[in-house]
Amino acid sequence: MVQAALSSSEITAFFETLAPYNELPANQIAALTEAVSTRHYAQGEAIYKIDAPLEGIHIIVSGTVDINDRDGKRVSQLEKRQSFGERGLLRNGKASTNARAKTNTTTLLVPAATLNQLIKQFPAVAHYFYYGERVRHKPGDLNSLKVRDLITRKAISCNPETPVAQAAQTMRDQNISCLAVVTNDTQKLVGMITVRDLTFRVLAEALSASLPVSQVMTPNPPTLSPDALGSDVLRTMMDHNVGHLAVVDRNRFVGIITQTDLTRFQAVSSALLIHDISQANNIEKMVAITSALPRLLVQLVASQQRHEIVTRHITDITDAITRRLLMMGEEELGPPPVPYLWLACGSQGRQEQTGVSDQDNCLFLDDRVTPDDMPYFGKLARFVCDGLNACGYVYCPGDMMAINPRWCQPVSTWRHYFDTWMSRHAPESHMLASVMFDLRPIAGHHELFQNLQAETLEAASKKSIFMAHMVANSLKHTPPLGLLRGFSTVRTKRGKNQVDLKHNGVIPVTDLARVYALQSQLKEINTRARLLAAEQVGMVSSTGAKELVAAYDLIATLRLENQMRLIQSGQKPDNYLSLSDLPDFQRHHLRDAFVVVRTMQAAIGQGRRMPV
């Protein structure tokens, strides 16, 4: 295919607008322009094949490229300004996928030596290509956090003409102690009015409540930018002797930081909440305690705790609530007639709860239970499930709860359930098995589950047809890779034009990890722990496990960061991410993470050991 090479000026202009190269100084962009080569590929032509040595990375200038797995199945489709080949190049220098031109395509090839030198010399380039490793860093403290991460609620303001009485009513209704005063047109901050101002400047002076706030506010108050640090907040408050600071981004008011916010940040912890839960003597107090969970999630994520630490803390609180409800239930109903065990499945079972969780639970009863005993456990289950719902853990839409008599049964019935699921190859059996293989004891007599778990894992690993169906079931949720800049987005009303980081991000990895656990009789329940254990027993190669764990870490971290941003803006957290909210380099790494997951799905679907 003969085409004219791009001119130096065209290549330079291209790099000047493409991350991360646009962060380079002019002389380095000029050197990069000289180092790259232009490559042309005809429609259908192979660019490289899997396991082949790579010369460097390709950046698409024009055309479309299909990225395919070992079996030729497309895992991603890339277009102009997107790059490919970096994952294999930076791992071992060999291609981890196949790349083929879908249409006539022109790329710029950045040589491996040039790329490695840029990564070594420029932090912005290193950050771009090794962003996934950022999610394993050490957590920060209050002083090192940015102001944007300390804001815990949406910005609330009024305009200068607002009557004093109306401003006071807004503060009362929103349960806040100050209001920013901003212009209607540009949201420019012009002042601040506080409860203290209302007391000293209005009430004490017997002024009219109909006065505009502009006459009693503090004009031109001290401000900070969202990128200022927690230490800047403390210093500015002391320097100006104020307890409220407005946050302004490019002359636009975006929020307020108060002394109360700082106190809450330092005071809210899972240990404190668990202690308070253990002392609660009614549902109302437990509801009040769990209202702090969104603040805890923001604090943990903002302080850069690893995702598995955040979800463990959140789940620990759910466990504590469940145990306290069981104790309260027994106090009300009396001692249980036979031993029992309350178990959780789903995200609570795996210790992976986030800011969006329903409840999934069941009861194992001692085989000595009689029909006359069952009403007791029905009432106990109702007490606990209703209490969890009141605390924000909504009823399971699929009725996977102990209040469903099907999931409140003696151990012998549960043993029969598992035997049936592994023998009858019906869709419901595989779905239920997927849920119930994530069971984790919460409270009661743990021995009711221990033998059954070991027996079930051993039996499942030996039933090849059942395992084949479990593998097929694990492939029902796939990463959102498609035509729109490498992604496919949700098309339904809820989450439209967004990526579902739960069903198309986290769950595909969770399902893979469950299959690995069943195949190797692993007792681990947590997804990340299962992946690491699968590597240790040789179910997954070291390379495959490390790539899948890194992909999972990135997806799970972005999911939590998105929930944090939603909470900070006053919205309810969910699992839908707008790709437009991500900078180019994050979209780039998210796409690569999805490619890893799809590649691993393809491997297990073909019955292969994970790639070496």
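Small disclaimer: the values here were computed from a predicted structure and weren't measured. No hydrogens, no waters, no symmetry mates; every other heavy atom, side chains included, goes into these values.
- In this structure, a donor-acceptor pair under 3.5 Å is absent between the side chains of Thr318 and Thr315.
- Between the Gln568 side chain and the Ile151 main chain, a donor and an acceptor come within less than 3.5 Å of each other.
- The shortest distance between side-chain heavy atoms of Phe14 and Arg81 falls below 4.5 Å.
- Between Ser578 and Gln498, the side chains place a donor N or O and an acceptor N or O closer than 3.5 Å (distance only, hydrogens not considered).
- Of the N and O atoms on the side chains of Gln348 and Asp319, at least one donor lies less than 3.5 Å from an acceptor on the other residue.
- Using modelled atom types, one side-chain atom of Glu86 and one backbone atom of Phe84 make a donor-acceptor pair closer than 3.5 Å.
- Here the CG-OH distance, from Leu32 to Tyr21, works out to 7.0 Å after rounding to the nearest 0.5 Å.
- Between the Gln563 side chain and the Gly355 main chain, a donor and an acceptor come within less than 3.5 Å of each other.
- Proximity of a side-chain donor or acceptor of Arg440 to a complementary backbone N or O of Gly349 within less than 3.5 Å is detected.
- Counting heavy atoms from C-beta on, the side chains of Leu577 and Arg565 come closer than 4.5 Å.
- Put simply, the residue from Ile317, Leu325, Ile321 that forms a side-chain contact (heavy atoms from CB on, under 4.5 Å) with Cys391 is Ile321.
- Glu547 places a side-chain heavy atom less than 4.5 Å from the side chain of Arg91.
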**OP:** Show your reasoning for whether salt bridge (charged side-chain N to carboxylate O under 4.0 Å, His left out) applies to Asp511 and Arg514.
**Re:** CA-CA 5 Å; Asp511 289 343; Arg514 185 184 300 109; 2.9 Å; yes
**OP:** Show your working on salt bridge (charged side-chain N to carboxylate O under 4.0 Å, His left out) between Arg528 and Glu352 and close with a plain yes or no.
**Re:** CA-CA 10 Å; Arg528 200 171 192 279; Glu352 294 167 3; over 6 Å; no
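- Note that the CD atom of Gln121 and the CG atom of Asn116 stand 12.5 Å from one another [nearest 0.5 Å].
- Side-chain contact of Thr183 with Asp185: a donor-acceptor pair under 3.5 Å is present, judged by distance alone.
- In this structure, Val597 and Val509 have side chains that are in contact, with non-hydrogen atoms separated by less than 4.5 Å.
- Between the side chain of Arg587 and the backbone N or O of Leu582, at least one donor-acceptor pair lies under 3.5 Å.
- Here the side chain of Arg350 pairs no donor or acceptor atom with the backbone of Asp438 at under 3.5 angstrom.
- The structure places CZ of Phe122 at 8.5 Å from CD of Gln117, a figure rounded to the nearest 0.5 Å.
- Residues His58 and Ser83 have side chains that never bring a donor and an acceptor to within less than 3.5 angstrom of each other.
- Under the 3.5 Å distance criterion, the side-chain polar atoms of Thr236 are left unmatched by any main-chain donor or acceptor of Val233.
- With contacts defined as side-chain heavy-atom distances shorter than 4.5 Å, the pair Ser210/Val164 does not qualify.
- Side chains of Asp553 and His307: a donor on one and an acceptor on the other come within 3.5 Å.
- The backbone N or O of Glu79 sits less than 3.5 Å from a side-chain atom of Gln82, completing a donor-acceptor pair.
- Proximity of a side-chain donor or acceptor of Thr162 to a complementary backbone N or O of Cys158 within less than 3.5 Å is not detected.
- Checking side-chain atoms of Thr354 against main-chain N and O of Val356 turns up a donor-acceptor pair under 3.5 Å.
- Residue Val216 comes nearest to Asp197 through the heavy atom pair O-CB, 4.2 Å, listed as atom of the first residue, atom of the second, then distance.
- Taking all atoms of both residues into account, the shortest heavy-atom contact from Leu108 to Val36 is CD2-CG2, 4.3 Å.
- Within the cation-pi definition used here (under 6.0 Å to the ring centroid, within 45° of the axis), Arg591 does not qualify as a partner of Phe594.
- Inspection of the Asp173 and Thr170 side chains reveals no N or O donor paired with an N or O acceptor under 3.5 Å.
- Residues Gln305 and His313 bring no donor and acceptor atom of their side chains to less than 3.5 Å of each other.
- Under the 4.5 Å side-chain criterion, counting only non-hydrogen atoms from C-beta, Leu566 is in contact with Asp574.
- Arg87 is listed as a side-chain neighbour of Val595, based on a closest heavy-atom distance under 4.5 Å.
- Remark: Thr223 OG1 to Ile257 CD1 distance equals 12.5 Å, nearest 0.5 Å.
- Counting heavy atoms from C-beta outward, Val61 and Thr107 have side chains that stay 4.5 Å or more apart.
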